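Structure, as structure tokens:
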Amino acid sequence: MSEARAFKHIGQRTIRPDGFDKVTGKANYGADLALPGMIWGAILRSPHAHANIRSINTERAEASSDVLAIATFQDFPSVNDAASAAGTLRKDLIDTAQNILAQDKVLYHGHAVAAVAARTEAAAEAALALIDVDYEVLSPVLSIDAAIAEDAPLLHPQLKTEGLVEPADSPSNIAARMELKKGDIAKGFAEADVIIERSYDTPTVHQGYIEPHATVVNFDHNAPSMIWCPTQGHFDVRARIAQLMNMELGQLKVVASEIGGGFGGKTTVYLEPVALILSKKAGRPVKMVMNREDVFRASGPASASQSTIKLGAKMDGTITAMQATLHYEAGAFKGSPMGPGCMTVFTPYDVEHMYVEGFDVVVNKPKVAAYRAPGAPQSEFAAEMAVNELAAKIGIDPIDLRLKNAAREGTQTIYGPKLKVVGLEACLKAAQQSEHYQSPIADGVGRGLSAGFWFNIGGQSSVIINLNPDGTGSIIEGSPDIGGSRASMQMMAAEVLGIAPGKLNPIVADTEHVAYNQTTGGSRTTFATGMAVIEAAESVVSQLKERAAALWNVTTEQVDFVDGVALNLAGEDSLTLAQICAAAEKTGGQISGTANINARGAGPSFAVHLCDIKVDPETGKTDVVRYTAIQDAGKAIHPSYVEGQFQGGAVQGIGWALNEEYVYNESGVMENAGFLDYRIPLASDLPAIETIIVEVPNSFHPFGVRGVGETGIVPPLAAVGTAVADAIQKPVSSLPCSPPKVLELIMAES
Amino acid sequence: MATLKLSGALAAMAGCEEIEVSATAYRGLLQEIDSILPEWDRAKIESMAFVIDGEIVDEPFLATFERDSELHFIEKIAAG
Amino acid sequence: MVALTYHAPTTLDEAVSLLSNATLPAKVMSGGTDLIIQMQRMIDSERLIVDVKKIPELTTASLSAEGLTLGPALCCSKFTRRDDIKQRFPGLVEAAYLIGSTQVQGRASIGGNLCNASPAADTIPALIANNAICRIHGAGGERRIAVEKFVTGVGQNCLEEGELLASIEIPAPAVRTKDAYLRFIPRTEMDIAVAGAAVSVTLDEQGTCIAARVAIGAVAPTALLVPAAAEALVGSRLEDGALAKASAAVSEAASPITDRRGTADFRRHVVGVLTKRAAKIAAERAGEGE
Ligand SMILES: Cc1cc2nc3c(=O)[nH]c(=O)nc-3n(C[C@H](O)[C@H](O)[C@H](O)COP(=O)(O)OP(=O)(O)OC[C@H]3O[C@@H](n4cnc5c(N)ncnc54)[C@H](O)[C@@H]3O)c2cc1C
């Protein structure tokens, strides 16, 4: 595609169609729905981080007139049947079920054990005391070191490490090992003049979406049962529940409410299946809402990690070898993003010899969930910190070092494929030329930078565009809008149809009103659902041409369609889109276009972030004084929302690097399960995040789009870590850089 | 001949890091490997994404490629 | 869940009689920003709430030659807008200005902050540094007690059943006396002090410190008056040596804990840093004169 292509709507900063309802409070989120006859569900949560359940006695609850229904693990029909069946999918399903309602073990403090439904929220909460659970308390395993120790208590006595060279014969808390290789790592280090080896760690952090999980479920014997919830993927909610409850997809209808943030954390189910069980038993709609404490204690955080990085380089700055050992906490059940962590760790570099080994480790903490570019911030933090140290050691500018070794078109990645056209070099050059990088560094301030990479994905999307007889219309899509995507869909359709974006109403339909859509995640929506919107709009355009041809009694080849107007090439006539729609009745009925695609060719997005931090030398307090996020968007459909994604990613990454962390006591109880003491950055904490949008088009997308939602959270960790290290002139290896830790570094003997 | 590149556990199982294949479509490729490596875990491979000359294809069932293509299997990327 | 009986008397006597004749467990409510949150965790099934915000003398502040008489229920946003008070007690006003956020300050009061007796309460060290006295009203009459003695433990004060805090009185400071309060939080707002320090200093005409009071917060079960730190300042011109001594004195007096908000070592160190910085600010202000 040509870079010079002129767009009419794409690249404009239109007003988002969902904005008015959101700022006026009209938008309906997860907890906003109430149905006639609705009752409330509440969850009994484990007071222990690790314990066997000897028994769950619901007799007293059953006897209570307040209690309308009770749910426990035993209410998952298919999972019980499947418990003996083999196959990974089945095993994953059992893990999911056991996470939603514990079976015979509780694996983290706050783990759901049982649920009740009652007429009011308070009555449901009160009735929890009527369930008697007999626990055999076990010692909790709260860190990677504790989990992999020789005599560590085992979370899952059956769990054996997958991916070992010799198959494991004894159980372990290491669920999986992964190894990736490129070239000959020993040779790479032998060629090096300089070798550095460092270890790093990052804490457990939460996505921090402002809206807690909530759902309203109405079980129905004669019609599809309705599940209303804030989710990034209502089709996947439907699939999960169908599997867990042994139902057909057609027996379920999932409605995605407006969503108050997800960041990957709303790609799974917690309350929804429980509410369905309760609704089925009580014969009433059931509402369940988590409070903030529940969200922290029992919804998916991002993995804590430990990484060791070893780098070799020549004095001219050629990196000869890159090696990593990465450990990720999975939480209570296997399945950390260790895989993508291994795959991304060195992707910004075109280096001949690489070796990466990763481990997925279970611990007594909530099961992790996806969080923007899952796995990448942890591993790339370690790699980028080490690369910055390498640059300092060789005495070369960190951007020059990266440019010398930058991944580019044709670079062989460690996970297999060669990269297509990518924008890392463009981002590095933009960073180097930026006013920020050129500006002098003030006294007491440190500067850090980091590159970052994320794959982005494509996948299945389905879209219907319906036109009305007056030329307005609707875009019916199925990708929950977590970042302004409805505006982008409007703009892409408007671009193809040649009408104003506001003429088209974008609707995120429920699972019954549009065909399957993959979850909003992997930065796929603007890319893949956007592609479906374009394809559906193109189908509309060809129909418009046919209809115009019919009206003029010419062949379709004799009709052109430019900027919303059909032109009769055989004469002088022209018809606007609205005129063709008005006459549609005469030419065969109304016009709509559909597209059902499985999008290929997602374009990776690289980023480079710059960070200036001032550190109070007497207290270790950090103050971000300037921050710039530079990222390749391929093509920014709506620049404000692209910038918003860069800024949001930067801010979440800065929080991860500076003050966010789960603080556990020895018994495995999280001590800061609230936003008072789980310290995400406040608006007043940070300067305006400056942005530079780089556009290196993705040739697989009609408009050149790459996803932008995730990469932005990758670079901040090392940009911040390096800035702090630079300010205090001491190496930083452990996040968060909270004041007590920074002060300790400052006071430590050099 | 297209080249199938193997890494990690796959390479370990196959005992080599690349295999030349005469197939020009994903389905043919699987059949071909069935005959070269009868002990490979086909179900596992079918759950993976397929990469044709750097382009990641999540659902490769109908995918075709060139005689000189470079091919990989990679884990599907789930994401936030 | 608590069933509430709510009264909003308009006189102090009415409030005292409601409290002393109460048959239910009773609580005085000022802005409610601590109380309402605490009520969610209360186990009593019934409670009497006596809201004191409708009592005029409890929500006014008057500054005179004798000093400041502060209605304990006056909300912080009104208090911090009083330039006359800020002129006299800039540190105390700063402390009130740090509480929560704009929204919280629209309700939160200094009396509530004091009676709630959190170790990390921001205004308590500033009150102590300013020699503040609590005037307590009960069925048996009135009594007065210094703020540093009013607070007796974590969440504990010396009020007897049926008593309430009627006013906070701060004697007029000597000439060339000013205060300052600093707290440490890792962010910029909406956080609880990890350590806090309030300092009041009086200078002579030459700029020598002739009197001082130093109080620290969030580093012990209650805010502490630290005479040794004040002694380190008196007689000095707030040179580095004197500041270092004051700093060491507060670190010594502190008995902090390690919790989710910070480690004991960190708090002990930082309270020293804050004291030094607050002393400098207070001295600069005192030097600038009225
Ligand atoms: C979001 C948020 C942020 C906060 N941030 C801070 C902060 O930064 N710093 C800080 O120090 N605090 C903070 N707080 C705590 C709280 O706002 C303050 O302690 C506030 O000053 C309490 O005042 P109030 O008028 O709301 O007290 P209330 O809640 O009304 O009362 C508090 C206690 O004092 C008792 N009481 C009140 N008045 C009297 C009286 N006249 N006589 C006897 N007893 C009385 C009550 O019975 C109750 O036990 C925060 C609170 C919230 C919700």
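In what follows, every chain begins at residue 1, and chains take the letters A, B, ... in the order their sequences are listed. As the structure is a prediction and not an experimental result, all values here were calculated from the model.
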Inter- and intrachain pairs under salt bridge (Lys or Arg N to Asp or Glu O under 4.0 Å), touching residues 71-80 of chain B, at least two apart: B:K44-B:E75, B:E59-B:K76
Heavy-atom proximity to chain B below 4.5 Å, by part of A:I457: side chain
Qualifying residues under side chain to side chain contact (heavy atoms under 4.5 Å, CB included), relative to A:V356, sequence neighbours excluded: A:L180, A:A324, A:L326, A:C342, A:V345, A:F346, A:I414
Option in A:Q207, A:K418, A:Q232 with maximal non-hydrogen atom pairs under 4.5 Å from chain B: A:K418
Region of A:F455 that comes under 4.5 Å of a non-hydrogen atom in chain B: side chain
B:E17 atom CD: more than 12 heavy-atom contacts under 6.0 Å: no
Max heavy-atom pair count under 4.5 Å with chain B, selected residue of A:G459, A:S523, A:G522, A:A376: A:G522
Minimal non-hydrogen separation, B:D58 against A:G458, with atom names: OD2-N, 4.4 Å
Sub-4.5 Å side-chain heavy-atom contact between A:M343 and B:I77: yes
Over 12 non-hydrogen atoms of neighbours within 6.0 angstrom of CD in A:E166: no
Proximal component of A:E357, with respect to chain B [non-hydrogen, under 4.5 Å]: neither
Which of A:R372, A:K181, A:K420, A:E179 touches chain B most, by non-hydrogen pairs under 4.5 Å: A:K420
A:E352 atom CD, over 12 foreign heavy atoms within 6.0 Å: no
Spacing of A:R600 atom CZ and B:I56 atom CD1 [to the nearest 0.5 Å]: 11.5 Å
Largest heavy-atom contact set with chain A, pairs under 4.5 Å, which of B:A11, B:A63, B:G54, B:P60: B:G54
CD (B:E66) with more than 12 external heavy atoms under 6.0 Å: no
